[in-house]
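This report refers to the structure that appears directly beneath it.
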Amino acid sequence: MRTSFPALRKRPKELTFTRARISTGILGLDDILKGGVLPLRSYLIRGKPGTGKTLFGFHFLVKGAADGEPVLFVSLAEPDAQLRFEASTLGLTLDRVSILDLTPAPKTFKQLPPYDIFSPSEVEREPLLQQIARSIEIIKPRRIFFDSMLHFRYAASDTFQFRRIVQSFIRFAEQHGATALLSSEESALFPDDDLQFICDGVIHLELHDDERILTVLKFRGSDFRPGRNIVRVTSNGMEVRAG
Ligand SMILES: Nc1ncnc2c1ncn2[C@@H]1O[C@H](COP(=O)(O)OP(=O)(O)OP(=O)(O)O)[C@@H](O)[C@H]1O
Ligand SMILES: [Mg+2]
């Protein structure tokens, strides 16, 4: 029966849910996730600064690239060259990773935007979204790492609009065949509970003195090994051991 509500559909046409798994590319983590993440879903990688969110994204994308997949790193946090250098210190190369560098260019500092007329979010939001959408359409990535949602939150005018943008981004990525990882800073000023609800899975990273911990908080559609797991970061990259 046809309905006058476009959002109300009997059955999703475009999606095939499978039991297949996608490797995270992080040694030890796929076992904790009972084989890896589910394709065409979205996962939140959250933690305080320096806990390893960006390193997580490197591994995820490099694994896809090694399997011959087109992969996309959307960076609002660090410039392209800096990311490539940091990956190299972990023995990883981003040569086959497309990076959409959305960090402000140095010249931005001298070219004052008309912030006195429009709020910064009004000025910057549309071009950001358009660039991300266009990159996904051109590259057709199977994996996307978005670093970070906090920067995205700044570009939204309010929390309702931020959630709409995130949800539509996730649907857009899924529709174009991508599995998305979104990084998020844990911050008292900008809680990310909304992202934790929206995403299909949540992986929490912590750093305590000299100990790094990874905990899977949520994993829709799958079993997982609950509890704290030990993370090691060395010049060979990130690896996880059940705690
Ligand atoms: N080659 C390396 N060898 C050992 N440890 C490393 C190496 N490269 C990075 N690290 C560790 O990883 C941490 C950085 O991880 P990462 O940049 O992924 O954190 P993050 O959560 O993305 O931080 P932020 O929120 O500031 O972006 C560093 O603090 C450092 O301790
Ligand atoms: Mg980072």
Discussion item. Quick check against the 3.5 Å criterion: does Gln175 have a side-chain atom that pairs as donor or acceptor with the backbone of Arg171?
Written reply: no
Fill in: side-chain contact (heavy atoms from CB on, under 4.5 Å) assessment of Arg232 paired with Arg212
CA-CA 7 Å; Arg232 260 167 47 91; Arg212 293 181 184 277; over 6 Å; no
Fill in: All side chain to side chain donor-acceptor pair (under 3.5 Å) counterparts of Arg225, not counting sequence neighbours
none
Item to complete: Measure centre to centre between the rings of Phe56 and Phe145, then say whether the value is under 6.0 Å.
Response: no
Response to the item:
All heavy atoms of Ile139 vs all of Pro70, minimum pair found to be O-CB, 3.5 Å
Practice prompt. With side-chain hydrogen bond (donor to acceptor under 3.5 Å, both in side chains) as the test, would you mind laying out the steps for Asp147 and Thr54 before giving the verdict?
Written response: CA-CA 7 Å; Asp147 202 20; Thr54 304; 2.8 Å; yes
Worksheet entry | NZ (Lys34) with more than 12 external heavy atoms under 6.0 Å | yes
Worksheet entry | Parallel, tilted or perpendicular: rings of Phe224 and Phe219 (30°, 60°) | tilted
Taking distance alone, no hydrogens or angles, what donor-acceptor pairs closer than 3.5 Å link side-chain atoms of residues 60-68 to residues at least two apart or in another chain?
unit_1: Lys63; atom_1: NZ; unit_2: Asp67; atom_2: OD1; d: 3.3
unit_1: Lys63; atom_1: NZ; unit_2: Asp67; atom_2: OD2; d: 3.3

Worksheet item: Which residue, Ile165, Val166, Asp192, Leu76, forms the side chain to side chain contact (heavy atoms under 4.5 Å, CB included) with Met149?
Response: Val166
Discussion item. Using every non-hydrogen atom in the two residues, find where Ala242 and Asn229 come nearest and quote the distance to one decimal.
Written reply: CA-OD1, 3.2 Å
Fill in: More than 12 heavy atoms from other groups under 6.0 Å of CZ on Arg142
no
Worksheet item: Does any non-hydrogen side-chain atom of Asp30 lie less than 4.5 Å from one of Ile32?
Response: no
Mind listing the side-chain donor-acceptor pairs of residues 201-211 below 3.5 Å, one per line with the distance, residues two or more places apart or on another chain?
unit_1: His204; atom_1: ND1; unit_2: Arg46; atom_2: NH1; d: 3.2
unit_1: Glu206; atom_1: OE1; unit_2: His208; atom_2: NE2; d: 2.8

Worksheet item: Can you check whether Leu100 reaches Phe73 side chain to side chain, under 4.5 Å on heavy atoms?
Response: no
Item to complete: Kindly check if the number of other-residue, nucleotide or ligand heavy atoms within 6.0 Å of CZ (Arg241) is above 12?
Response: no
Worksheet entry | Pairwise side-chain contact, Met238 with Val231, heavy-atom cut-off 4.5 Å (strictly under) | yes
Worksheet, complete the sentence: Heavy atoms of Thr179 and Pro39 approach each other most closely as OG1-CA, 3.4 Å
Worksheet item: Can you find a pair of side-chain heavy atoms, one from Asp200 and one from Leu38, that are under 4.5 Å apart?
Response: no
Discussion item. Between the side chains of Arg153 and Asp158, is the shortest nitrogen-to-carboxylate-oxygen separation below 4.0 Å, so that they form an ion pair?
Written reply: no
Worksheet entry | 4.5 Å side-chain heavy-atom contact, Ile144 and Leu181 | no
Worksheet item: Is a side-chain N or O of Lys218 found less than 3.5 angstrom from the main chain of Phe197, in a donor-acceptor match?
Response: yes
Item to complete: For Gln167 and Phe162, run side-chain contact (heavy atoms from CB on, under 4.5 Å): C-alpha distance rounded to whole Å, both residues' side-chain angles, the deciding distance at 0.1 Å, then the answer.
Response: CA-CA 9 Å; Gln167 284 174 309; Phe162 172 70; over 6 Å; no
Worksheet item: Would you call Leu217 and Gln196 a side-chain contact if the rule is heavy atoms closer than 4.5 Å?
Response: yes
